[in-house]
Amino acid sequence: QVRLVESGGGLVQAGDSLRLSCAASGGSFSTYAMGWFRQAPGNVREFVAAMSWSGGMIFYGDSVKGRFTISRDNAKNTAYLQMNSLKPEDTALYYCAGDPPKTSRDNDVPGKWSYEYDYWGQGTQVTVSS
């Protein structure tokens with residue numbers, strides 16, 4: 001059974017940085033596309049970033065481009081989200097998600113939609129004060 005566990009969230013001030021981690025166990029992490037999503041109270045789940053299994057293709061949501069960086073260390077079965085220049089509007093519960101390879105699509109292109117991901121962590125809270 002695949003398990004994803006996020007960590008690294010917290011309360012910071014505007015302009016600060018945080019690095020979120022997503023530790024995977026129970027599956028073949030190196031074959032998964034990995035994504036980060038976030039959800040603020042009353043809002044829909046928002047795409048933040050995604051990386052292909054090889055790391056060769058990366059996408060970012062428009063609101064985080066230039067400030068956030070997704071990465072992965074397959075040897076450690078861990079994905080990361082480096083968040084710089086944080087803003088109050090970045091406040092949300094952040095989830096990591098894993099998408100195993102599927103025969104029905106191009107596995108070199110990571111998904112931007114939550115329905116494309118099979119595995120989810122429990123989330124880590126990020127709160128940015130102004």
Side-chain angles (χ1 to χ4, degrees):
Q1 182 175 352
V2 175
R3 185 177 183 220
L4 301 178
V5 179
E6 303 96 335
S7 61
L11 172 63
V12 297
Q13 293 187 330
D16 286 351
S17 298
L18 278 176
R19 188 175 82 155
L20 305 183
S21 298
C22 172
S25 61
S28 301
F29 175 82
S30 63
T31 69
Y32 301 163
M34 294 300 296
W36 287 93
F37 294 79
R38 66 187 183 186
Q39 189 166 15
N43 289 1
V44 299
R45 191 164 294 188
E46 178 188 7
F47 169 72
V48 175
M51 173 178 274
S52 62
W53 66 273
S54 66
M57 189 168 292
I58 294 173
F59 297 127
Y60 293 101
D62 289 342
S63 61
V64 306
K65 281 180 183 176
R67 300 188 299 122
F68 290 12
T69 303
I70 188 173
S71 62
R72 65 191 298 159
D73 185 339
N74 287 343
K76 295 182 178 180
N77 287 347
T78 302
Y80 303 97
L81 185 68
Q82 176 67 42
M83 306 186 296
N84 297 331
S85 302
L86 282 162
K87 304 175 181 180
E89 51 264 44
D90 294 319
T91 295
L93 189 60
Y94 283 72
Y95 298 92
C96 72
D99 178 21
K102 299 179 174 70
T103 58
S104 57
R105 64 170 183 81
D106 185 349
N107 292 299
D108 289 329
V109 181
K112 299 179 184 179
W113 302 97
S114 58
Y115 68 81
E116 298 181 88
Y117 290 82
D118 292 355
Y119 308 123
W120 291 84
Q122 81 291 345
T124 185
Q125 179 67 38
V126 172
T127 303
V128 185
S129 64
S130 57

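In this chain, residues are counted from 1 in sequence order.
- Side-chain contact between M51 and P110: absent, with no pair of heavy atoms (C-beta onward) separated by less than 4.5 Å.
- The number of heavy-atom neighbours closer than 6.0 Å to NZ of K76, taken from other residues, nucleotides and ligands shown, is 12 or below.
- Taking the six-membered ring for Trp and the full ring otherwise, the centers of Y119 and Y32 sit less than 6.0 Å from each other.
- Summarising the geometry of A92 relative to A40, their closest heavy-atom pair is CB-N, 3.9 Å, with the distance given to 0.1 Å.
- Linking ILVMFWY residues whenever their side-chain heavy atoms come closer than 4.5 Å, directly or via other members, places V12 and V48 in the same cluster.
- Side-chain heavy atoms closer than 4.5 Å link hydrophobic residues (I, L, V, M, F, W, Y) into clusters, and following such links, possibly through other members, connects L18 to I70.
- Taking OG1 from T69 and CZ from R19, the interatomic distance works out to 11.5 Å, rounded to the nearest 0.5 Å.
- Closest of all the heavy-atom pairs between A79 and F29 is N-CZ, 3.8 Å.
- By the 30° and 60° cut-offs, the orientation of the rings of W120 relative to Y95 is perpendicular.
- Atoms OH and CZ, on Y60 and F47 in that order, are 9.5 Å from each other to the nearest 0.5 Å.
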Report task. Begin with the C-alpha distance, continue with both residues' side-chain angles, and end with the deciding distance and a verdict on side chain to side chain contact (heavy atoms under 4.5 Å, CB included) for L20 and M83. Result -> CA-CA 8 Å; L20 305 183; M83 306 186 296; 3.7 Å; yes
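- Between Y94 and L81, the closest heavy-atom pair is CD2-CD2, 4.2 Å.
- Taking CG from N43 and CZ from R38, the interatomic distance works out to 9.5 Å, rounded to the nearest 0.5 Å.
- Using modelled atom types, no side-chain atom of R72 and backbone atom of A33 make a donor-acceptor pair closer than 3.5 Å.
- Smallest separation of non-hydrogen atoms from G98 and Y117: C-CD2, 3.6 Å.
- E6 places a side-chain N or O within donor-acceptor distance of the main-chain N or O of Q122, the cut-off being under 3.5 Å.
- How far CG of D108 is from OG of S54: 6.0 Å, rounded to the nearest 0.5 Å.
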Report task. Apply side chain to side chain contact (heavy atoms under 4.5 Å, CB included) to the pair D99 and W53, showing each step before the final yes or no. Result -> CA-CA 9 Å; D99 178 21; W53 66 273; over 6 Å; no
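- Rounded to the nearest 0.5 Å, atoms OG (S17) and CZ (F68) are 9.5 Å apart.
- The nearest pair of heavy atoms linking G111 to E116 is CA-OE2, 3.2 Å.
- A distance-only check finds no donor-acceptor pair linking the side chain of S30 to the backbone of N74 [under 3.5 Å].
- Tracing side-chain contacts under 4.5 Å through hydrophobic residues (I, L, V, M, F, W, Y), one never reaches V64 starting from F37; they form parts of separate clusters.
- In this view, E89 and K87 satisfy the side chain to side chain contact (heavy atoms under 4.5 Å, CB included) rule, not counting sequence neighbours.
- T78 contributes no side-chain N or O that, together with a main-chain N or O of A23, makes up a donor-acceptor pair within less than 3.5 Å.
- Rounding to the nearest 0.5 Å gives a distance of 9.5 Å between CG of L11 and CD of Q125.
- Considering all non-hydrogen atoms of both residues, A24 and L4 come closest at CB-CD2, 3.5 Å.
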